[in-house]
S.K.: 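Let me give you the structure first, and then I'll get to my questions.
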Amino acid sequence: MISASDALRELRDGNRRFAAGEIDADSIASRVHKVGMSGGQKPFAIVLACSDSRVPVELVFDQGLGDLFVIRVAGNIVAPSQIGSIEFAASQFGTRLVVVLGHSNCGAVIAALKELSLEQTHRSPNLRAIVDRVRPAVEPVLQSHTHSDEATLTGAAVRANILASVDKLLHGSLILEQLIEDRELTIVGAEYSIETGKVEFFAED
Ligand SMILES: [Zn+2]
């Protein structure tokens with residue numbers, strides 16, 4: 001399995017190609033036939049991303065089938081089933097990198113902000129389960145941005161929500177904590193810009 005820093009480089013390079021419009025849509029489909037996949041999978045990165053239809057993970061990183069283990073949920077929240085999926089992939093495949101991928105103008109983050117501003121409440125307990133996981137991350141942002149315009153506030157809240165999910169993964173699982181301690185797993189946050197198609201990683205290398 002490739003190292004976390006090599007995996008990060010692959011993702012950065014792939015996103016560079018995507019943002020530059022250099023990817024060939026046919027190439028993704030053609031990789032199915034080239035690589036025999038029935039023998040198993042060896043995804044080089046695990047990505048926890050939002051379900052937003054504008055953020056198709058394999059495409060924005062220009063990766064093919066079998067490359068990424070992707071978990072998508074509105075607001076890229078961390079609940080037990082997301083942690084379990086990551087534990088499974090990290091221990092089963094030896095994948096070294098986890099990326100929490102949020103994005104600009106995230107509807108789940110905006111919903112949490114609106115609810116905090118008492119503009120809207122969610123009656124569905126299922127939808128509430130998502131918003132309730134976003135709210136603690138964005139509440140301090142709302143308090144510290146009382147004079148900011150809406151775009152600045154939303155941008156800061158999106159970042160805070162990504163970092164909160166990273167933090168929950170860093171401290172929410174004994175299995176993941178052990179892998180991190182053994183230097184076998186790295187977890188980083190990243191933000192996809194719907195406007196530019198570029199992913200900014202919150203990591204040094
Ligand atoms: Zn979203």
Side-chain angles (χ1 to χ4, degrees), residues 8 11-12 14-16 18-19 23 43 45-63 67-86 89 97-145 148-170 172 187-203:
L8 205 50
L11 295 180
R12 280 187 202 278
N15 178 248
R16 214 168 283 134
F18 170 78
I23 65 165
I46 300 164
V47 183
L48 170 62
C50 183
S51 300
D52 194 298
S53 62
R54 298 164 293 181
V55 194
V57 177
E58 282 85 354
L59 279 176
V60 306
F61 289 121
D62 188 24
Q63 299 301 320
D67 289 333
L68 304 177
F69 189 92
V70 180
I71 302 135
R72 289 180 71 177
V73 57
N76 41 270
I77 57 158
V78 173
S81 53
Q82 281 80 46
I83 297 179
S85 299
I86 293 169
L97 178 70
V98 178
V99 177
V100 176
L101 182 68
H103 65 96
S104 58
N105 291 304
C106 181
V109 171
I110 293 167
L113 284 171
K114 280 192 174 161
E115 197 171 84
L116 283 164
S117 315
L118 303 175
E119 282 178 33
Q120 191 181 326
T121 52
H122 297 284
R123 287 194 205 134
S124 154
N126 306 306
L127 190 51
R128 169 158 297 286
I130 292 174
V131 174
D132 281 353
R133 284 194 151 85
V134 175
R135 206 170 42 191
V138 306
E139 195 159 17
V141 178
L142 190 66
Q143 283 160 4
S144 63
H145 281 72
S148 301
D149 59 59
E150 207 174 310
T152 307
L153 172 66
T154 306
V158 161
R159 268 170 181 265
N161 184 51
I162 294 165
L163 293 173
S165 286
V166 170
D167 199 58
K168 279 183 205 154
L169 292 179
L170 289 173
I187 303 177
V188 300
E191 184 182 344
Y192 174 73
S193 165
I194 283 173
E195 295 74 22
T196 66
K198 290 180 183 165
V199 173
E200 182 191 344
F201 287 90
F202 306 161

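Atoms within each ligand, like the ligands themselves, are counted from 1 in listed order. For clarity, every value in this text was computed on a predicted model and none was experimentally measured. All residue numbers refer to positions in the sequence shown, counting from 1.
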S.K.: Above 12 or not: heavy atoms from other molecules or residues under 6.0 Å from CD of Glu150?
M.R.: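 Atom CD in Glu150 is not packed in, count stays at 12 or less.
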S.K.: So which heavy atom on Phe18 is nearest to which on Leu59, and how close?
M.R.: CD1-O, 3.2 Å
S.K.: At less than 2.8 Å, how many protein N/O/S atoms surround the Zn ion (ligand 1)? Leave waters out.
M.R.: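 Those protein atoms number 3 in total.
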S.K.: Test Leu11 against every option in Leu97, Asp67, Val199 by the side chain to side chain contact (heavy atoms under 4.5 Å, CB included) rule and name the one that passes.
M.R.: Leu97
S.K.: Do you know the tightest heavy-atom contact between Val100 and Ser165?
M.R.: CG1-CB, 3.7 Å
S.K.: Can you tell if the side chain of Ile110 reaches within under 4.5 Å of the side chain of Thr154, non-hydrogen atoms only?
M.R.: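 Yes, close enough: below the 4.5 Å cut-off.
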S.K.: Check step by step if side-chain contact (heavy atoms from CB on, under 4.5 Å) holds for Leu142 and Ser117.
M.R.: CA-CA 9 Å; Leu142 190 66; Ser117 315; 4.2 Å; yes
